[in-house]
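Beneath this line is the structure, given in structure tokens, with notes to follow.
Everything quoted here is computed from the prediction, not taken from an experiment.
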Amino acid sequence: MTLEITAQAALWFLPFVLPVCVWAAWSDLSRMKIPNTAVLTLVGIFLVVGLIALPISDYPWRLAHLAVMLVAGIAMNAAGLMGAGDAKFIAAAAPFVALGDAATLCLIFAATLLGAFVTHRVIKYSPLRRLAPDWQSWNTGKKFPMGFALGGTLAIYLGLGAAFGS
């Protein structure tokens with residue numbers, strides 16, 4: 001497997017992005033919200049580190065990913081298909097993904113979503129729930145903290161990019 005993202009770019013992004021992915025997942029699990037500060041931090045990381053990690057010709061196109069995904073996310077939020085925080089996180093994460101890796105990213109997301117959902121539900125109904133008894137995600141009915149899967153997806157993609165990037 002070879003990804004379009006270069007291993008060098010993934011290695012530049014990963015140490016900065018990973019803590020934000022954990023922050024978004026933790027926040028969504030505990031409060032059912034992805035903070036705007038996490039989203040803006042992700043954008044800031046791309047704006048600065050992207051200038052170092054990417055060829056200058058790719059940089060504006062990657063920023064276009066943010067704009068396109070933000071418009072799509074706003075539409076999906078308006079249709080009730082996803083939360084606003086999820087839409088903003090997806091938009092902020094989009095510039096980190098090489099366009100040629102979109103199909104692979106969808107597969108990573110599908111696997112991560114399945115794993116995150118099963119993990120969340122198993123812990124929700126097990127004694128492990130006592131480790132974080134006040135998390136709002138335990139008591140939201142059928143709602144699921146997508147930040148758990150979205151943060152995981154971006155982190156896994158960049159990790160795979162570091163290992164298998166072009």
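Side-chain atoms of Thr153 and Leu150, non-hydrogen and from C-beta on, never get closer than 4.5 Å to each other. For the pair Ser27/Ile34, no side-chain contact is recorded, criterion being any heavy-atom separation below 4.5 Å from C-beta on. For the pair Ile123/Trp138, a side-chain contact is recorded, criterion being any heavy-atom separation below 4.5 Å from C-beta on.
Looking at every heavy atom in both residues, Ala91 comes nearest to Met69 through CA-CB, 3.9 Å. Contact detail for Leu99 and Glu4: the closest heavy-atom pair is N-OE2, 4.3 Å. Annotation for Cys21 and Phe89: closest pair SG-CZ, 4.4 Å, computed over non-hydrogen atoms. Pairing each heavy atom of Leu158 with each of Ala10, the nearest pair is O-CB, 3.4 Å. Closest non-hydrogen pair, Ala92 versus Val43, comes out as CB-CG2, 3.7 Å. Pairing each heavy atom of Asp28 with each of Met146, the nearest pair is OD2-N, 3.2 Å.
Atom NZ of Lys143 is surrounded by 12 or fewer heavy atoms from other residues, nucleotides or ligands within 6.0 Å. Within 6.0 Å of CH2 on Trp26 lie no more than 12 heavy atoms contributed by other residues, nucleotides or ligands. Annotation for Trp12: atom CH2 does not count as buried by contact number, only 12 or fewer foreign heavy atoms lying within 6.0 Å.
Atoms CE and NZ, on Met82 and Lys88 in that order, are 12.5 Å from each other to the nearest 0.5 Å. Taking CD1 of Ile108 as the start and CG of Leu160 as the end, the distance is 5.0 Å to the nearest 0.5 Å. Note: Met32 CE to Asn139 CG = 10.5 Å, rounded to the nearest 0.5 Å. For the atom pair CH2 of Trp23 and CG of Leu42, the computed distance is 10.0 Å after rounding to the nearest 0.5 Å. For the atom pair OH (Tyr157) and OG1 (Thr104), the distance works out to 8.0 Å, reported to the nearest 0.5 Å. Rounding to the nearest 0.5 Å places CZ of Phe164 at 14.0 Å from CD1 of Ile5.
The cluster map of Ile, Leu, Val, Met, Phe, Trp and Tyr, joined by side-chain heavy atoms under 4.5 Å apart, puts Ile90 and Val71 in different clusters. Note on Val20 and Leu40: separate hydrophobic clusters, where clusters join Ile, Leu, Val, Met, Phe, Trp and Tyr whose side-chain heavy atoms are under 4.5 Å apart, directly or indirectly. Both Leu47 and Leu51 sit in one connected hydrophobic cluster of ILVMFWY residues. Membership requires side-chain heavy atoms under 4.5 Å apart, directly or through other members. With hydrophobic clusters built from ILVMFWY side chains whose heavy atoms lie under 4.5 angstrom apart, Leu3 does not share a cluster with Trp61. Under the 4.5 Å side-chain heavy-atom criterion for Ile, Leu, Val, Met, Phe, Trp and Tyr, Val48 and Ile56 are members of distinct hydrophobic clusters.
Phe46 and Tyr59 have their aromatic ring centers within a separation under 6.0 angstrom. Aromatic rings from Phe144 and His120 are positioned such that their centres are separated by under 6.0 Å.
In this structure, Phe13 and Phe96 have perpendicular ring planes: the angle between them is above 60°, well past the 30° mark.
Side chain of Thr2 to backbone of Ser166: no donor-acceptor contact under 3.5 angstrom is found. At least one donor-acceptor pair under 3.5 Å links the side chain of His65 to the backbone N or O of Val97.
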